[in-house]
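Each remark here refers to the structure printed beneath this line.
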Amino acid sequence: MSTLAVTTTLNGETVTFLCEPHETLLTALRDRLMLTGTKEGCSNGNCGACNVILDGTLVNSCLVLAAEVDGHQITTIEGIAGPNGLHPLQTSFLENAALQCGICTPGFIVASKALLDKNPQPTEREVRHWLAGNLCRCTGYDKIVRAVLEAASAGATKE
Amino acid sequence: MTQSNGFKVIGTRPVRHDGVDKVTGRALYGADVRLNGQLYGAMLRSPHAHARIVAIDTSEAAAVPGVKAIVTGADLPHVGDQIADIGEGAVNLRHLSANILAGRKALYFGHAIAAVAATSLTAAQQAVNKIKVTWEELPPVLNLRDAMAAGAAPLHPDVFTDELGEKSTTPSNIAEHLRHEKGDIAAGFAEAEVVVEREFVTGTVHQGYIEPHSATVQWNADGQLTVYCSTQGAFGVRREMSEILGVPISHVKVVPTEIGGGFGGKLNVYLEPVCALLSRKAGGRPVKMTMSRADVLAATGPTSASIVRVKLGARRDGTLTAAQAWMAFEAGAFPGSPVGSAAGVILAPYDIPNVVIDGFDVLCNKPKANAYRAPGGTNAAYAAESMIDELARALKMGPIEIRLKNAAREGTRRADGPVFPRIGFVETLEALLHHPHFQSRLERATGSRRRGRGIAAGFWFNWGGTSSASAQVNPDGTVALSEGSTDIGGTRTSIAMQLAESIGIPVNLVKPQVVDTDSVGYNDATGGSRTTFATGMVAYELGQKLREELIAHAARQFEVEAAAVRFEDGAFRTDGKPPLSYFDVCGALRDTGGEIVASVSMRTKGEGPAFGAHLVDVEVDIETGKVKILRYTAAQDVGRAIYPPFVEGQIQGGVAQGVGWALNEEYLYDKAGHMLNAGFLDYRMPTALDLPMIEALIVEVPNPRHPYGVRGVGEVPIVPPAGAVANAIFDALGVRMTELPMSPARNIAALAAAGVAA
């Protein structure tokens with residue numbers, strides 16, 4: 001197998017990295033690019049801890065091959081906060097105590113951003129439906145759903 | 001500003017100190033560790049539930065390019081029988097060692113057999129696939145009834161039943177039979193006018209933390225071992241590493257990372273000793289190993305499947321006269337199920353004069369059972385609370401009425417011995433009784449959908465244990481707090497709040513950090529709902545010491561006796577002189593007697609037992625068997641809520657886990673003992689779509705033995721949900737569900753058996 005060179009736009013910056021053909025985007029982000037904010041919970045698309053935004057679409061980075069992102073745009077949890085501070089979703093998660101252990105939090109915040117980018121004023125049902133691909137074992141989801149709804153009502157739309 | 005609870009900090013809602021790191025992806029968890037020159041580890045696991053290891057040939061694996069070390073069970077030093085209490089239960093270190101890497105036999109599907117360290121994960125995995133094991137398959141024992149049957153083949157030749165404290169002489173899969181007795185059970189049932197009795201079965205479930213186990217270990221040429229891992233208790237890891245590897249405890253330093261959930265499943269080591277052995281064989285290069293989700297489910301965690309029988313006797317007025325419980329818990333491949341705590345929990349909410357409780361710890365070819373949030377409590381309360389419900393219905397009493405009539409109070413003696421101190425079970429039931437949810441009418445649905453309402457109670461002991469912490473006052477008035485309690489859900493903040501309250505400063509001036517085992521005194525693990533209680537008690541004492549020293553410094557600046565100085569509202573005051581601000585005193589420490597540093601270590605006493613009472617409305621579709629949770633209210637006496645949103649979060653999270661246990665979660669095995677659902681798709685935990693908002697009703701009956709009244713929160717809320725949901729299903733259908741999970745298929749079968757047609 002030959003090593004591949006991949007050039008992509010990652011959190012707004014052009015980066016080039018090497019990877020094996022079988023390597024997932026999750027592995028490349030964590031082990032090649034040292035962006036460990038994207039978490040591995042299951043590596044088969046069931047928990048959402050590795051959520052990233054690929055060309056505006058929410059994906060599980062464990063189900064995307066690293067080689068596939070050549071020429072595409074990726075946003076990870078490290079790219080959610082802006083130069084002026086935290087994204088309103090991040091602030092809302094903190095103010096609503098919407099995290100306990102925090103391992104699922106990056107995935108939830110990335111997923112929630114993708115939701116609000118498409119649907120700035122979701123209902124509780126829509127939030128629950130959208131976030132059904134993200135597992136949290138600590139919170140019972142109550143405060144997460146509230147945090148997303150509160151960020152939405154405060155106008156956390158596309159940056 | 002002082003709040004209505006009389007405190008300035010306790011009960012407020014600051015942003016947690018580690019919050020920004022956790023919402024930006026900067027917080028480092030177990031798998032985020034990366035050391036220079038590190039190797040990657042991979043594990044070979046048993047494909048059989050029960051098999052003798054005849055031979056292991058690693059020659060082909062060793063030839064894979066990049067492979068630096070291979071270890072098997074033969075590389076572990078011999079460990080004798082030693083019982084170590086590492087938090088939520090005692091463990092025999094010899095069994096723990098055999099669980100790390102199998103010895104002569106693989107005892108469950110997924111049992112670790114051998115491991116490889118290589119320069120890449122791919123090479124390590126390729127090498128693992130080339131390890132050749134010669135197996136001699138043995139018939140597995142996969143459930144309680146088979147394991148306990150007369151003539152069942154024993155898993156271990158050296159496990160003998162501990163029969164009420166006496167060792168038997170023939171090997172058995174029943175590792176222990178324990179009993180609690182109170183009063184005269186025969187007389188109690190003779191006095192009863194109504195008797196109900198039933199047997200309940202629960203499946204094997206997993207804690208389900210989202211972060212898989214990960215460890216990175218370096219065994220240096222000077223003998224020093226450094227362990228980076230995600231654990232509930234760094235000092236427990238240090239002890240286990242020392243014992244399993246046969247090295248002095250001083251040679252082991254454990255650096256805890258952030259932890260992505262544990263719930264009891266991250267108390268013991270799994271990967272750490274293997275990484276250590278690989279590191280030593282690889283000349284001291286650090287070795288990192290991370291489990292896959294399949295490994296986590298197949299080889300760690302789970303908590304016990306169980307059979308629980310409960311018999312209750314009462315007079316017509318609802319007074320309980322006698323209760324008998326019999327319970328058997330799967331321990332998995334090694335002794336040590338949570339049957340002991342289950343036996344303590346099962347009837348604890350009630351004042352019953354005549355009680356017998358029998359518990360059995362039973363071996364079978366499944367992974368070694370571990371603690372899971374209120375270990376054994378959910379299994380026990382599911383049965384007991386179902387029977388309290390059945391009794392109430394037989395007596396035509398309300399579900400809260402019958403519980404209030406028999407509620408344990410201060411002075412009630414539990415069947416397992418202890419007498420309750422001040423507890424708040426009555427207050428908790430009354431809070432639920434007066435809540436709008438209980439006062440509301442449940443609208444009965446029509447057609448194939450049936451609705452019902454259920455109530456169940458739950459108890460947990462809570463625990464104190466040993467905690468240590470140290471603190472220093474910085475020139476800018478901040479206080480650096482070094483603690484050794486794993487922060488699994490916000491305890492940096494709940495402990496910092498108690499320190500701030502004790503000193504009399506705002507919480508944002510406290511800078512808490514969780515440090516390694518060489519940098520703080522001993523701490524028991526985060527478990528048993530102990531951290532906010534016990535480490536909080538240490539923080540209180542630490543705060544008092546710092547406050548006293550600060551006052552002494554201010555007194556020197558004032559040139560008066562310390563007794564003449566008061567610290568109020570951020571300023572030091574003495575009569576006849578202008579006040580000194582807190583920051584002025586902190587900035588001048590060097591000139592007024594030197595720096596302020598303090599340490600406190602306490603073996604705490606006075607933990608506060610706690611109770612919850614849950615109310616749930618469900619809707620059952622009798623065509624599909626699916627149960628939907630419509631509304632959930634969980635009342636709990638927490639003693640004092642230090643950080644109310646985290647208290648609510650603990651209650652909500654416990655309810656969610658309990659609902660998953662009640663409705664979906666269960667290990668599935670084929671007849672040969674292969675786990676069939678070792679993934680999150682098929683081991684189905686609740687998602688955001690499966691649950692409504694969960695109302696946490698905080699009841700505060702302060703624990704008089706804690707400076708701020710804390711009892712502990714985390715465990716109680718997982719105890720009642722299965723019983724509450726089962727009682728709600730009965731209310732909806734008139735069918736008593738006697739097996740967990742109450743999955744659609746099981747509900748349909750139960751409806752068919754009861755003759756309820758869709």
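We name chains A, B, ... by the order of the sequence lines, and we start the count at 1 in each one.
- Residues from residues 653-660 of chain B that place a non-hydrogen atom less than 4.5 Å from a non-hydrogen atom of chain A comprise B:Gly653, B:Ala656, B:Gln657, given in numerical order.
- Of all the listed residues (A:Ile109, A:Leu94, A:Thr76, A:Ile103), the one sharing the greatest number of non-hydrogen pairs under 4.5 Å with chain B is A:Ile103.
- Interface residue B:Gln207: only backbone heavy atoms are found under 4.5 Å from chain A.
- The neighbour count for A:His129 NE2, taken as heavy atoms of other residues, nucleotides or ligands under 6.0 Å away, does not exceed 12.
- Closest approach of A:Arg137 and B:Tyr209 over heavy atoms only: CG-N, 4.2 Å.
- For B:Val296, no part lies near chain A; criterion is any non-hydrogen pair under 4.5 Å.
- If you measure heavy-atom distances from B:Glu258 to chain A, you find no contacts under 4.5 Å at all.
- The distance from the CD atom of A:Glu20 to the CG atom of B:Leu121 is 11.5 Å, given to the nearest 0.5 Å.
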Q: Run the numbers on A:Val145 and B:Met693 for side chain to side chain contact (heavy atoms under 4.5 Å, CB included), then give the verdict.
A: CA-CA 9 Å; A:Val145 174; B:Met693 294 296 184; 3.7 Å; yes

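- Heavy atoms of B:Arg13 lying under 4.5 Å from chain A are absent altogether.
- Interatomic distance, SG of A:Cys138 versus CD1 of B:Ile488, reported as 7.0 Å (0.5 Å rounding).
- Going from atom SG of A:Cys104 over to atom CD of B:Glu211 covers 11.5 Å, rounded to the nearest 0.5 Å.
- Salt bridge present: A:Lys143 and B:Glu648 bring a charged side-chain N and a carboxylate O closer than 4.0 Å.
- Residues of residues 27-56 of chain A lying under 4.5 angstrom from chain B, judged on non-hydrogen atoms, are A:Arg30, A:Asp31, A:Met34, A:Thr36, A:Gly37, A:Lys39, A:Glu40, A:Gly41, A:Cys42, A:Asn46, A:Cys47, A:Ala49 by number.
- Between the A:Arg128 side chain and the B:Ala688 main chain, a donor and an acceptor come within less than 3.5 Å of each other.
- Of the atoms belonging to B:Ala31, heavy atoms from both backbone and side chain fall under 4.5 Å from chain A.
- For the pair B:Arg16 (side chain) and A:Leu99 (backbone), a donor-acceptor distance under 3.5 Å is present.
- Top candidate by heavy-atom pairs under 4.5 Å with chain A, chosen from B:Val20, B:Asp18, B:Leu28, is B:Val20.
- Rounding to the nearest 0.5 angstrom, the gap separating the CD1 atom in B:Ile694 from the OH atom in A:Tyr141 is 10.0 Å.
- Both the backbone and the side chain of B:Ile210 come within less than 4.5 Å of a heavy atom of chain A.
- Only the backbone of B:Pro692 comes within contact range of chain A, with heavy atoms under 4.5 Å apart.
- Most heavy-atom pairs under 4.5 Å with chain B, from the set A:Glu95, A:Glu78, A:Arg146, A:Glu23: that is A:Arg146.
- Side chain of B:Gln652 to backbone of A:Gly140: no donor-acceptor contact under 3.5 angstrom is found.
- Residues B:Gly25 and A:Pro106 share a closest heavy-atom pair of CA-CG, 4.4 Å.
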